[in-house]
Enquirer: 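Quick one: the structure is below, questions incoming.
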Amino acid sequence: MTPKTLYDKLWESHVVREEADGTALLYIDRQLVHEVTSPQAFEGLRLAGRKPWRAETNLATPDHNVPTTGRDRGITDPIARTQVETLDENCAHFGITEFKMDDLRQGIVHVVGPEQGATLPGMTVVCGDSHTSTHGALGALAHGIGTSEVEQVLATQCLIQRKSKTMLIQVEGKAGPGVTAKDIVLAIIGETGTAGGTGYAIEFSGEAIRDLSIEGRMTVCNMAIEAGARAGFVAVDDKTIDYVKGRPYAPGEADWAKAVAWWQTLHSDEGAKFDRVLTLKAADIQPQVTWGTSPEMVVPITGRVPDPAQEADPIKADGMRRALAYMGLTANTPISEIPVDKVFIGSCTNSRIEDLRAAAVVAKGRKVAAYVKQALVVPGSGLVKQQAEAEGLDRIFIEAGFEWREPGCSMCLAMNDDRLEPGERCASTSNRNFEGRQGQGGRTHLVSPAMAAAAAIAGRFVDVRELSKR
Amino acid sequence: MQKFETFTGIVCPLDRSNVDTDAIIPKQFLKSIKRSGFGPNLFDEWRYLDHGEPGMDNSNRLINRDFVLNDPRYAGASILLARENFGCGSSREHAPWALLDYGFRVIIAPSFADIFFNNCFKNGILPIRLEERIVDGLFAQANGPDALRIEVDLASQQLRPEGGEGIGFEVDAFSKHCLLEGLDDIGLTLQHVADIRAYEERRRVEAPWLFH
């Protein structure tokens, strides 16, 4: 038998039919729904007089627009409120389970899905959100879709797809101390560029990936889209199965053994062929900081802001100059000399319990620098928040001068009131440093949770490995 | 969906690579629960000098005269010429909705981000990938004193720049058929209900936990 990649296995087990030209009807096991990309899809269903094909395969929660403070006042922005209420109405009307804003289980869809066991190994998972690739950490085929496709999945449980090319990214050896999943994936994007993964499904492998917890693998898969790949995933291993066991939506006793038997086949076979293979050495990866307006514009904390004069490609050099102007940076400045105005710890990339623990280790017994105007910690879900509070992490953050907030997407994309003002510079654990992403004119530097906490304490970017020595 | 017919349009050259969907339509406009009305806020942060919010009267806003969409040469443009990795980032379909609402039916670039590329077809927009050197040539023409006009013929997969040589382009047969006929995926998929049911029956046995 021809050896298969994990992608082949996930794909083949979901093909409903395939046409001669290679287009296929792909069955979708789980759709996650949030308030921003669903109203027009539900409206389409209504206009066509259609019902969801299998309403129970959808799970909804508001996350993008919800306030992270003063929830007892409700949502004060009337347009945002209408959007969240529209989700409530649509879910009630179409019989879809929703964790509403006042539900302990509410949170960022990509935190909630795995936490509930609603996203499982071997599933096809979609959501009208590009960071759906997160769920690939469990050995699922998961990718973001547009609203037309949200409607199609609601109506038919299927998508019309073409098979992607496959890329294997191997991160070999052990990562050094202070080097996290976020640093690994930023280093990968630094190698591939933001378009390097376009047209590919990426399998992340190698010792450094296997060594990561499931949460860490989620951070890596989450940012596959930042390398241009819609889907990123990791083979199932014992950690995956242990993670899933006992979660509310996970298979029960009756099906458990059968499910595990299948999940254990979810890895690439020995000798499977990939269209592209990229290998990095974990030992070469340092804590990373982005300096520009695209996630590929990234350097180690020990580095300097790059100089466009050294770039041979004129289009690239032009992009670098534009990025430096937007970011208010001068070429060759050491990264550790860049001060920060705000710090954001949160987002679907880095708001899980271990992210908060890593930040708390740095924050403990220290104070946010006087220069820093605001340092936010936004847990990924109500359950993450509860867990963190049970461990006393909230006290550590509050005593250090951080604000402890309610769960949601928050300042990752600044649809609610959490945002940067023009010119403000932020150390952020989110996934995109695009112009205006965290607020018009705002300047975003992507870092790991530990590096963000360290920046809050120092008031500038600092090597978390140095800080922990003191 | 509207059928895609041959037309001739003005080309607007947007000379930046990695244009992301946050730039195409900023987040504050995503609070709308409608599909239409995004055109006036297309490229909002580049197009205007002041901060835009939903529901504002855009006619009173400060126009950024340096941004290409505000150049009178390109008034009424329906073809957007762009650089590599156009439409990267967020999956928001509001991006193609905004482009379409503004009047763009075709986007030409050396490469596109996957989700955006796919979302275009769902909305009757034709994204065309061309080699970088051809794109460079079109930029040179579009940047000239007179706007470049191109006839777009999807049926024969040809771009015909006014006064220039025809340029062939690739498009997959299925997407082309859907655009030309104005077909939507839901209607097409529902032709295969029996196949979906058969798959589900098989799967219910193989993976029963997915059906509880």
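Per chain, numbering begins at 1; letters A, B, ... match sequence-line order.
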Enquirer: Which bit of A/I225 comes within less than 4.5 Å of chain B, counting heavy atoms only: side chain, backbone, both or neither?
Expert: side chain

Enquirer: Quick check on the interface: out of A/Y249, A/F42, A/F434, who has the most heavy-atom pairs with chain B under 4.5 Å?
Expert: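 If we count pairs closer than 4.5 Å to chain B, A/F434 comes out on top.
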
Enquirer: Please tell me if the side chains of A/W53 and B/E200 come closer than 4.5 Å, counting only heavy atoms from C-beta onward.
Expert: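 Yes, their side chains come closer than 4.5 Å.
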
Enquirer: Could you tell me which portion of A/V15 (side chain, backbone, both or neither) has an atom closer than 4.5 angstrom to a non-hydrogen atom of chain B?
Expert: backbone

Enquirer: Closer than 4.0 angstrom, basic N to acidic O: yes or no for B/K122 and A/E149?
Expert: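 Looking at A/E149 together with B/K122, the answer is yes, because their closest N to O distance falls below 4.0 Å.
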
Enquirer: As an exercise: rank B/N85, B/D184, B/N123 by heavy-atom pairs under 4.5 Å with chain A and give me the winner.
Expert: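 Result: the option with the highest number of such pairs is B/N85.
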
Enquirer: Is it the backbone or the side chain of A/L120 that comes under 4.5 Å from a heavy atom of chain B, or both, or neither?
Expert: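 A/L120 touches chain B through side-chain heavy atoms alone.
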
Enquirer: Look at A/K316, A/E19, A/R50, A/E296 and state which one has the largest set of heavy-atom pairs under 4.5 Å with chain B.
Expert: A/R50

Enquirer: Go through the atoms of A/D77 and report whether side chain, backbone, both or neither lie under 4.5 Å from a heavy atom of chain B.
Expert: side chain

Enquirer: Under a 4.5 Å heavy-atom cutoff, which of A/L413, A/T194, A/L159, A/T147 has the most pairs with chain B?
Expert: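 Of the candidates given, the most pairs with chain B belong to A/T147.
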
Enquirer: In a check of side chain to side chain contact (heavy atoms under 4.5 Å, CB included) between B/H94 and each of B/N41, B/L42, B/N119, B/I25, which one passes?
Expert: B/I25

Enquirer: Please look at A/I79 and chain B and tell me whether the side chain, the backbone, both or neither of the residue comes under 4.5 angstrom of a heavy atom of that chain.
Expert: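 Both parts, backbone and side chain.
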
Enquirer: Do the side chain of A/E18 and the main chain of A/A24 share a donor and acceptor less than 3.5 angstrom apart?
Expert: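 Answer holds: no.
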
Enquirer: Please flag which part of A/E151 lies under 4.5 Å from any non-hydrogen atom of chain B: side chain, backbone, both or neither.
Expert: both

Enquirer: Can you say whether B/F211 sits under 4.5 Å from chain A via the side chain, the backbone, both, or neither, judging by heavy atoms?
Expert: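 For B/F211, backbone and side chain are both near chain A.
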
Enquirer: Does the side chain of B/I10 reach to within under 4.5 Å of the side chain of B/R73, using non-hydrogen atoms?
Expert: no

Enquirer: If you count heavy-atom pairs under 4.5 Å between each of A/S130, A/P39, A/P422, A/S164 and chain B, which one has the most?
Expert: A/S130

Enquirer: What part of A/Q438 gets closer than 4.5 Å to chain B, counting heavy atoms only: side chain, backbone, both or neither?
Expert: backbone

Enquirer: Measure distances from A/H131 to the heavy atoms of chain B and classify the residue's part below 4.5 Å as side chain, backbone, both or neither.
Expert: neither

Enquirer: Answer yes or no for B/R47 and B/F67: cation-pi contact, defined as NZ/CZ to six-membered ring centre under 6.0 Å and angle to ring axis within 45°.
Expert: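 So B/R47 doesn't make the cation-pi contact.
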
Enquirer: Less than 4.5 Å to any heavy atom of chain B: does that hold for the side chain of A/A414, its backbone, both, or neither?
Expert: both

Enquirer: Do the non-hydrogen side-chain atoms of B/F7 and B/I79 ever get within less than 4.5 Å of each other?
Expert: yes

Enquirer: With B/L179, which of B/K3, B/M1, B/Q2 fulfils side chain to side chain contact (heavy atoms under 4.5 Å, CB included)?
Expert: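 So the option named by the test is B/M1.
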
Enquirer: Are B/E201 and B/R204 close enough for a salt bridge, meaning some N to O gap below 4.0 Å?
Expert: yes

Enquirer: Quick one, B/L14 and B/L81 - any side-chain contact, counting heavy atoms below 4.5 Å?
Expert: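 In short, these two side chains do not touch, never coming nearer than 4.5 Å.
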
Enquirer: Does any heavy atom of chain A fall under 4.5 Å from the side chain of B/E84, the backbone, both, or neither of them?
Expert: neither

Enquirer: Heavy-atom count check: over 12 atoms from other residues, nucleotides or ligands less than 6.0 Å from A/K258 NZ?
Expert: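 For A/K258, atom NZ is crowded (more than 12 foreign heavy atoms under 6.0 Å).
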
Enquirer: If I measure from the heavy atoms of chain B, does A/T23 come under 4.5 Å with its side chain, its backbone, both, or neither?
Expert: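 The side chain, not the backbone.
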
Enquirer: Taking the side chain as everything from C-beta on, heavy atoms only, tell me whether A/T57 gets closer than 4.5 Å to A/D29.
Expert: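 A side-chain contact is absent here, since even the closest heavy-atom pair is not under 4.5 Å.
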
Enquirer: Looking at B/D172, B/D114, B/L190, B/L188, which one has more heavy-atom pairs under 4.5 Å with chain A than the rest?
Expert: B/D114

Enquirer: Taking every heavy-atom pair that is under 4.5 Å apart, which of B/N118, B/D185, B/L210 has the most such pairs with chain A?
Expert: B/D185

Enquirer: Among A/T37, A/N416, A/D129, which residue meets the side-chain hydrogen bond (donor to acceptor under 3.5 Å, both in side chains) test with A/H64?
Expert: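 Filter result, single survivor: A/D129.
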
Enquirer: Which bit of A/R17 is near chain B, if near means a heavy-atom gap under 4.5 Å: side chain, backbone, both or neither?
Expert: side chain

Enquirer: Within 45° of the six-membered ring axis of B/W97 and under 6.0 Å from that ring's centre, is NZ or CZ of B/R92 located there?
Expert: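 Checked: cation-pi criterion not met.
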
Enquirer: Check whether any side-chain heavy atom of A/R54 lies under 4.5 Å from a side-chain heavy atom of A/V153, and answer yes or no.
Expert: no

Enquirer: Most heavy-atom pairs under 4.5 angstrom with chain B, which of A/G199, A/A254, A/A195, A/S148?
Expert: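 Top option by heavy-atom pairs under 4.5 Å: A/S148.
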
Enquirer: Can you tell me which portion of A/T293 sits under 4.5 Å from chain B's heavy atoms? Options are side chain, backbone, both or neither.
Expert: neither

Enquirer: Any idea which of B/R202, B/Q28, B/E206 has the most non-hydrogen atom pairs under 4.5 angstrom with chain A?
Expert: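 Top option by heavy-atom pairs under 4.5 Å: B/E206.
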
Enquirer: Among B/N18, B/D22, B/I33, B/T21, who wins on heavy-atom pairs under 4.5 Å with chain A?
Expert: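 It is B/I33.
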
Enquirer: Measure distances from A/R419 to the heavy atoms of chain B and classify the residue's part below 4.5 Å as side chain, backbone, both or neither.
Expert: side chain

Enquirer: Give the member of A/A259, A/G319, A/G144 that has the highest number of heavy-atom pairs under 4.5 Å with chain B.
Expert: A/A259

Enquirer: For chain A, which candidate among B/S111, B/A23, B/P26, B/S32 shows the most heavy-atom pairs at distances under 4.5 Å?
Expert: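 Of the options given, most contacts go to B/S32.
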
Enquirer: For B/E170, does the CD atom sit with more than 12 other heavy atoms under 6.0 Å from it, leaving out its own atoms?
Expert: no

Enquirer: If I measure from the heavy atoms of chain B, does A/R162 come under 4.5 Å with its side chain, its backbone, both, or neither?
Expert: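 Side chain only.
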
